[in-house]
Amino acid sequence: MERLEGYVSHIIYRNAENGYTVFDLQGEEETTCVGSFPALDEGETLELFGDFTEHAVYGHQFKVTLWQTVSPEDALGMERYLGSGAVRGVGAALAARIVKRFGRDTFRIIEEEPERLAEVRGISERKAMEIAVQMEEKRDMRQAMVYLQKYGISNTLAVKIYETYQDRLYRILEENPYQLADDIDGIGFKKADELASKIGILMDSEYRIRSGILYTLQQAAGEGHIFLPKTVLVRRSAALLELEEKAVEEQIANLIMDRRIVAIKEKDNVNCYVSSFYYAELSCARMLLELYAGTQQVGGEGAFSDGEGEKALLDRIEKLQEEEGIELDALQKKAVLESIRNHLLILTGGPGTGKTTTINMMIRYFISQGLDLFLAAPTGRATRRMTEATGYEARTIHRMLELSGAAPEENRKASFLRNADNPLEADVIIVDEMSMVDIHLFQALLKAVSPGTRLILVGDDNQLPSVGPGQVLHDLIASGAFPVVYLQRIFRQAGESDIVVNAHRINRGEPIGLDNKSRDFFFLERSSIPVIYKHMIQLIREKLPPYVQADPYDIQVLTPMRRGALGVETLNGILQAYLNPPTPSRKEIQIGETLFREGDKVMQTRNDYQLEWEVVSRYGIPIDRGVGIFNGDTGTIKEIDAGSQTVTVEYDEGRRVTYGFSQMEEIELAYAVTIHKAQGSEYPAVIMPLLGGPKLLMNRNLLYTGVTRARDCVTILGSRQVVEEMIANVSEAKRYSSLDKRIRELKGEFCSH
């Protein structure tokens, strides 16, 4: 290992996300250096340890392994640092005057007697103190970085820790490093636990047990649960912490006393909630009942209170049917009537049962009455389908609620400009694909619905529940508190679509046709995994694009699993190699275990409310801007820039997002995605490889959801027996939610009033 000392004469490149820096160091001779530095300014004097390397593009470099800042001992070094721009408001001329006045004593004066800086022409007492504060902050930050590096904390996280706690970080780390998991995004329990172990925190520390319990509940939320039964929480937490269950039970009691956990007794069980989740369900239940309580025999031409009023309404609907060329069956007419007479309605039914036709008639009726109407859905794909099917603009729920980039840092949640203080200005709001909506998004939506607005919630209760916590649509129906219309008759394509017919057969547990006599539902029995790979690639590249008149990138492989030979992780690598092979013109970058290449199809894997996007014109001029890219959004990598360490992805509607390399953990390849991730999406053609897997995954609900993602063609590759077993398997992973219970509990209060 070699040593260099000198001052930073020029910073060539710096990534603020991870601290990676390329700079010129002026010592005995000028040397280009590369390394990771949490904070670095031109003019700083450094002592570096590392090795010289030869870079293919940048040539001779010094790769830094260890480093430390050195206070410049000579007046020239001090002047160079102060005048480098490292201290705001101090330029080269002022730096020269400061050093001329104080000489080699300059830094001591700034640290110990900063008021004396006012002796220099051009420096007021206020400016003198500002200079001292900046120098102190930079010194404190560097000391914190060095301290945190001892414990394996990355520069990016170290900066977050320092900015959150400042000089309190030493006390917090020594007393309760688990607080980091509560306060800092990017540090979970496991990272905090690893840090605590290095610091010497005991295994049975109260802080550790409490943090582990809360982490267990957070992990459960990732599985879709709102709560866990206490017995399950104790068992899971004890296993995580490698402690006796008794120690866990004691700390659950303390967390309940501190109101971090809410415990609700249900018959012989006690259910444990993170407080925010319990109150989210309670808040939703109250807002729903308040909205529904506003359902009165609303005055005006459109309302009715007796048979004659209802007859007039039916006549108007009949007239609209004639004008629009729409024919409704009895249940569809009932749904339209219920949407007029109620402030809250749930419309549900499987594929092809006429939900879209019913929505269209509702829209026509409300528009004819001069009412303002909003249409929304959870995803961009779903909004495009809704817009195409109705002829009226639909927006994502996030855009309708006007997601703001200024999310409150203290809880790191989304901030919506539309809320209880600034509600949506609409008479009617129709939300489609409600099975995808989780409890937090639903709560935000309800807050923005003003009294008197009609809210119509549409979805298929047999689809998989939301990726986020809760099962809102299911619980609303189960509560029995609100009007629900179930559409049952199959209309789509006059019953000619075998996708629709087979989806309903799957849902009823009946055998489906696998004889390939269909025009849109195919089954290729294959038992060899390499053969499945081969046919999958042939279907995407050659067979299906002309058959469904779509681009190969629009054809989606859906699989039940993430891992295994037919899981998304393996399939994406294989499909990438054939659908987007390496070429000299396509740049690529290895991030962790994933190779990303320009042209790759990718998916955002978590909600990121802070990501900024813009839509540009053909001339590169921005024409729209916004924030927020969400779990399940798919796009294409347009550019990889190794110099700036960024990747540009274009999502639906031309929204372009620039990710730093350190943010790419939010992205994964999407040639194949899990069926769960495909919720709310519709593709021209779907390919499903089914050759076995965990029984809990290989069930009827999953197969039904996968089949109903296809618009024009479904192809199953694999085992007939596996398909039949999935249809017969009604077991599903239980999801713990209780919105229906909260609604029923509060309903009594509303009835008594």
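- Electrostatic pairing of Glu668 and Lys677 does not count as a salt bridge here, judged by no charged N lying under 4.0 Å from a carboxylate O.
- Between Tyr273 and Tyr278, the angle of the ring planes goes over 60°, which puts this pair in the perpendicular group of the 30/60° scheme.
- Asn269 meets the side-chain hydrogen bond (donor to acceptor under 3.5 Å, both in side chains) test with no other residue; sequence neighbours excluded.
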Distance-only donor-acceptor pairs under 3.5 Å for side chains of residues 214-222, two or more places apart:
from	atom 1	to	atom 2	distance (Å)
Thr216	OG1	Gly212	O	2.8
Thr216	OG1	Ser237	OG	3.3

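- The one candidate from Thr358, Leu345, Leu347 that meets the side chain to side chain contact (heavy atoms under 4.5 Å, CB included) condition with Val336 is Thr358.
- A perpendicular orientation is assigned to the rings of Phe482 and Tyr292, their planes being inclined by more than 60° (bins at 30° and 60°).
- Scanning all heavy atoms of the two residues, the minimum distance from Asn701 to Pro465 falls at OD1-CD, 4.4 Å.
- Remark: Gln179 engages Tyr165, Ile172, Asn176, Asp183 in a side chain to side chain contact (heavy atoms under 4.5 Å, CB included) (not counting sequence neighbours).
- Residues satisfying the side-chain hydrogen bond (donor to acceptor under 3.5 Å, both in side chains) criterion with Asn462, sequence neighbours excluded, are absent altogether.
- Rounding to the nearest 0.5 Å places CD1 of Ile213 at 6.0 Å from CD of Gln251.
- For the atom pair CZ (Phe442) and CG (Leu476), the distance works out to 5.0 Å, reported to the nearest 0.5 Å.
- Residues passing the salt bridge (charged side-chain N to carboxylate O under 4.0 Å, His left out) test with Glu665: none are found, sequence neighbours excluded.
- Judged as a side chain to side chain contact (heavy atoms under 4.5 Å, CB included), and not counting sequence neighbours, the contacts of Ala196 are Pro177, Tyr178, Ile201.
- Here Thr356 pairs with Asn360, Ala389 under the side chain to side chain contact (heavy atoms under 4.5 Å, CB included) rule; sequence neighbours left out.
- Partners of Glu281 according to the salt bridge (charged side-chain N to carboxylate O under 4.0 Å, His left out) rule, which considers only residues two or more places apart in sequence or in another chain, do not exist here.
- Every residue two or more places apart in sequence or in another chain that forms a side-chain hydrogen bond (donor to acceptor under 3.5 Å, both in side chains) with Glu614 is listed here: Arg625.
- Salt-bridge formation is detected for the pair Lys198/Glu194: a Lys NZ or Arg NE/NH1/NH2 atom is positioned less than 4.0 Å from an Asp or Glu carboxylate oxygen.
- Using cut-offs of 30° and 60° on the angle between ring planes, the pair His398 and Phe630 is parallel.
- A salt bridge links Asp624 with Arg399: at least one charged nitrogen is closer than 4.0 Å to a carboxylate oxygen.
- Without hydrogens or angle criteria, Asn342 side chain to Glu338 main chain gives a donor-acceptor distance under 3.5 Å.
- For the pair Leu344 and Leu457, the tightest heavy-atom approach, listed with the atom from each and the gap, is CD1-CD1, 4.2 Å.
- Closest approach of Val437 to Pro378, counting heavy atoms only: CG2-CG, 3.7 Å.
- The side chain to side chain contact (heavy atoms under 4.5 Å, CB included) search around Leu417 returns Glu402, Ser404, not counting sequence neighbours.
- For the atom pair CD1 (Ile429) and OG (Ser450), the distance works out to 7.0 Å, reported to the nearest 0.5 Å.
- Sorted by first and then second residue, the salt bridge (charged side-chain N to carboxylate O under 4.0 Å, His left out) pairs involving residues 239-259 (not counting sequence neighbours) are Arg210-Asp258.
- Looking only at side-chain heavy atoms (C-beta outward), Gln663 and Leu611 come within less than 4.5 Å of each other.
- Residues that satisfy the side-chain hydrogen bond (donor to acceptor under 3.5 Å, both in side chains) test with Asp372, not counting sequence neighbours, are absent from this structure.
- When the options His225, Arg742, Gln471 are evaluated for a side chain to side chain donor-acceptor pair (under 3.5 Å) with Ser737, the one that passes is Gln471.
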